[in-house]
Amino acid sequence: MKARWDIFCSVVDNFGDIGVTWRLARQLVVDHGCDVRLWVDDLRAFERMCPEIDVQRDQQWQEGVEVRHWPAEWSETRSADVVIAAFACQLPPDYMEAMAAREGTPLWMNLDYLSAEEWVVGCHRLPSVKFKGVQKYFFFPGFRAGTGGLLRETGLLEQRQAFQQDGSAQQEFLQDLGVFPAAGSRLMSLFAYENAGLASWLDALATDGRATHLLVPEGRVLGDVQRWLGVEGLVAGDVHQRDALVVQVIAFVRQEEYDRLLWCCEFNAVRGEDSFVRAQWAGRPLLWHIYRQDEDIHLDKLDAFLALYTAALSPGARAALIALWQAWNTEGDMAQPWKMLLEHWPEVSRHAQAWSLEQGLQADLATALVQFYESWI
Ligand code: TRH
């Protein structure tokens with residue numbers, strides 16, 4: 001009999017919580033034949049990346065996943081075989097009672113945040129709290145052997161490579177988005193939080209010897225883009241040129257299209273968790289705007305990733321990449337590090353490709369979860 005999974009997602013802010021759980025839910029259905037219910041407390045955030053979502057409905061099916069609105073007032077529900085609380089969200093107390101009352105004990109896991117830090121390996125799959133005999137486990141995604149790996153759909157890298165080798169497929173995709181970059185220009189994407197360092201980067205791009213076409217999905221960074229352009233009320237479809245730089249605002253697209261967008265670009269600025277991983281699968285150089293945390297603990301996470309990611313680079317390329325990422329995450333001056341990075345572009349590009357293939361050798365997160373469940377029963 002198919003295993004039944006319940007995934008609980010509380011949308012704290014932004015799109016990462018729903019982005020990760022929606023991707024995981026679909027993959028469990030498509031790649032592993034599981035029965036999945038995805039409980040989401042905010043269907044509006046979900047609708048942005050999956051426009052078919054009907055925000056009025058408490059129960060609906062999307063791509064083989066049973067999507068349930070997680071109501072403030074919980075009504076009695078039987079527990080599944082496997083229960084995932086995403087990002088330490090608290091399950092409804094009545095649901096926990098249902099887990100404890102169930103004949104066969106369910107496997108209960110907390111799906112944690114992604115981090116490249118070393119301690120993650122030691123904590124992955126460890127028991128956490130217990131509720132009336134039901135044991136909860138930590139499950140950590142990660143880049144290192146001994147972690148739960150990264151979300152990666154079956155065949156993703158092959159699809160990406162085929163698309164990147166198919167110039168007309170890329171052109172058609174971009175045309176559908178209304179994107180027509182000038183021949184020879186460097187296509188880049190920018191998905192970021194507010195960042196006071198942006199102006200110095202845009203200045204550098206505008207005065208660069210090579211033209212850049214920068215795609216900016218609607219979102220939090222638009223205020224800084226507007227300030228730099230000296231305009232107001234930017235919306236999807238707007239295109240502005242300043243010297244060598246064309247800035248184009250595009251609509252927030254569905255997740256699959258966002259992947260293709262990343263695959264088309266020579267360089268991607270991404271943020272949070274899920275877009276960060278997707279940019280790595282794109283096999284192209286990237287810049288990460290990490291989600292800011294209290295007491296700057298996010299900077300430790302940033303350093304841990306940089307240490308892993310740049311380990312195989314030459315000293316010059318490593319220094320350039322680290323300088324750029326650190327400037328971006330401290331809202332510093334981007335001009336000099338960007339110029340340094342351009343000097344190492346071929347190496348950094350080759351490395352992005354090699355990194356994606358190397359990470360692709362690890363078991364993906366959904367498979368690791370299924371394997372954990374199978375070894376547990
Ligand atoms: O939206 P985010 O900033 O989410 C963050 C992080 O997950 C962070 O770790 C968490 O603590 C915080 O939320 C609460 O960035 P992230 O993780 O990249 O999620 C964005 C999602 O949006 C991702 O699934 C990709 C998707 N997306 C689209 O589907 N279409 C688009 O056009 C764009 C730009 C993104």
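Whatever order the structure lists them in is the order used to number ligands and atoms, beginning at 1.
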Exercise. Hey, would you say the Tyr137 and Trp108 ring centroids sit under 6.0 Å apart?
Worked result: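 Here the rings of Trp108 and Tyr137 have centres that are no less than 6.0 Å from each other.
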Exercise. Do Trp338 and Trp328 have ring centroids that are under 6.0 Å from one another?
Worked result: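 Not close enough - the centres of the two rings lie 6.0 Å or further apart.
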For this session: Report the residues that fulfil ring pair (Phe, Tyr, Trp, His ring centres under 6.0 Å) with Tyr373, sequence neighbours left out, ordered by chain and then residue number.
Result: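 Listed in chain order: nothing, the list is empty.
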For this session: Hey, can you tell me if Tyr113 and Phe87 have their rings parallel, tilted or perpendicular (30° and 60° cut-offs)?
Result: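 The arrangement is parallel - the two ring planes meet at less than 30°.
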Exercise. Only one of Arg278, Arg23, Arg26, Arg160 clears salt bridge (Lys or Arg N to Asp or Glu O under 4.0 Å) with Glu256; which?
Worked result: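 Testing Glu256 for a salt bridge (Lys or Arg N to Asp or Glu O under 4.0 Å) against Arg278, Arg23, Arg26, Arg160 leaves exactly one candidate, Arg26.
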Exercise. Ligand 1: which residues have a non-hydrogen atom closer than 4.0 Å?
Worked result: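 Residue list for ligand 1: Asp13, Asn14, Phe15, Gly16, Asp17, Gly19, Met49, Tyr113, Phe191, Tyr193, Pro217, Phe252, Val253, Arg254, Gln255, Tyr258, Arg271, Gly272, Glu273, Asp274, Ser275, Tyr291.
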Exercise. Would a 4.5 Å heavy-atom cut-off, applied to side chains only, mark Leu234 and His240 as touching?
Worked result: yes
